[in-house]
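Both counts, for ligands and for their atoms, begin at 1 and track the order of listing.
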Amino acid sequence: MTETQKSATLSLNGETYELPIFSPTAGPDVLDIRKLYAKAGVFTYDPGFTSTASCDSTITYIDGDKGELLHRGYPIDQLASKSHYLEVCYLLLYGELPTVNQLEDFETRVTRHTMVHEQMHNFFRGFRRDAHPMATLVGVVGAMSAFYHDSLDVTDPWQREVAAVRLIAKLPTIAAMAYKYSIGQPFVYPKNDLDYAANFLHMCFSVPAEEYHVNPILSRAMDRILTLHADHEQNASTSTVRLASSSGANPFACIAAGIACLWGPAHGGANQACLEMLKEIGSVDRIPEYIARAKDKNDPFRLMGFGHRVYKNTDPRATVLKQSADEVLDLLGVEDNPLLQVAKELEQTALNDPYFIEKKLFPNVDFYSGIILEAMGFPTSMFTPIFALSRTVGWISQWKEMIADPQNKIGRPRQLYLGETLRDYVDIEKR
Ligand code: SDX
């Protein structure tokens, strides 16, 4: 970042303080308040971090007003149409698009790490069959730190690299195992002659009893979903991974923390919540009732899959996914699926309703990803695990960036304390 000659002047209690201003390569300037408490004895207050830059980063840039999403400068719509997930993984991890040889080497390294330690199969047996796959994912990914002892030392660049490749390679295998376990089918091993997305579909949907052929249109749609969810600046789960990493915790524990945060319905759990909402609405004639509920301040109901903290016009990922949704629905001939009819009608209603227009609430990435995954045959409980396996590369890229940053220190926010001031203990007989 470039320190400008500009600064902001704060007048407080008869004193003035100069706050340096840093200018980014894109986006708003930032006020450097790192010395504010030491100089002025005050904290800033920003629950939900609506006006706070928690770090500097060179990985992903979002312009919420323009609906722009860049990964290392490349716009998401170009990456979604011209690239593929593992190439985007390379870009996020190393900062540049790979040459043919670099991509071949990276894909080979990932492919050779897709199997998990055979003893990890035993973890799954400890879960109930009806456990949510996200519960299994949090548990098994965290437990990777009990197996891969040669990639736990975050101070060793080589171990950081191995941990990154292992996580990108093994998350699809673990997510597919969680799915297979939940439906009582045998685990399916990865196949080295399949690409990343096709391998995941194979591990989820093939059975030993017959040959399974991956449909290239579904595999392409899956790869696009993975590409579109790969990274997204300092969202809640990425911030969780960064905060966990700031204590020096091992990469598997940090990614497990990110998975736990992503699970929430306000974040990565929204795709599951969105499909469950569509099922609850059930038919097109009930949409007005739910639109009214979404507007009712006294009703906690929100339209899942709508709205975004940063995007205030359109989520560029949703635009791309909407095209994929049409392709997949056409292929699978599920145009007449009542659920998908409700989705299309709800989308049109919300997009034309003054309330949603005024509040800038439009379909986000989770609205369309849920529709595609539903059409592909995934249960809603697998939607967020798929989001998690895609976002692992974003988490681990941001983790690597943070660990390598010489300014890296443990994250330790303060608070606005509103509790009791000092008082003496009262013996129980006197209470
Ligand atoms: C993801 O951060 C990221 O980048 C996340 C993500 C990523 O890739 O990592 O993009 C992935 O999490 C996408 C978002 C998925 N979540 C959902 O679809 C859940 C439904 N959406 C809402 O919960 C909400 O829109 C959020 C959480 C996404 C954003 O919330 P904000 O920015 O905190 O906005 P807000 O809650 O302050 O809402 C502003 C207003 C409020 O009304 P007022 O109090 O101003 O009158 O809009 C209303 C809200 O009541 N509102 C909604 C709404 N979302 C906001 N009203 C109805 N339905 C909604 N979905």
Q: Could you tell me how the ring of Trp263 sits relative to the ring of His132: parallel (under 30°), tilted (30 to 60°) or perpendicular (over 60°)?
A: tilted
Q: Kindly say whether His229 contributes a backbone atom to a donor-acceptor pair with the side chain of Arg391 at under 3.5 angstrom?
A: yes
Q | Residues that Lys400 engages under salt bridge (charged side-chain N to carboxylate O under 4.0 Å, His left out), provided they are two or more places apart | A | Glu161
Q | Set of residues that line ligand 1, where lining means a heavy atom lies under 4.0 Å from it | A | His232, Asn235, Pro265, Ala266, His267, Ala270, Ala294, Lys297, Arg302, Leu303, Met304, Gly305, Phe306, Gly307, His308, Arg309, Arg317, Lys359, Leu361, Asn364, Asp366, Phe387, Arg391
Q. With Lys322, which residues qualify under salt bridge (charged side-chain N to carboxylate O under 4.0 Å, His left out), at least two apart?
A. Glu347
Q. Considering residues at least two apart in sequence or located in another chain, which fulfil the side-chain hydrogen bond (donor to acceptor under 3.5 Å, both in side chains) criterion with Asn313?
A. none
Q: Taking Asp46 for its side chain and Ser51 for its backbone only, find out whether a donor-acceptor pair lies under 3.5 Å.
A: yes
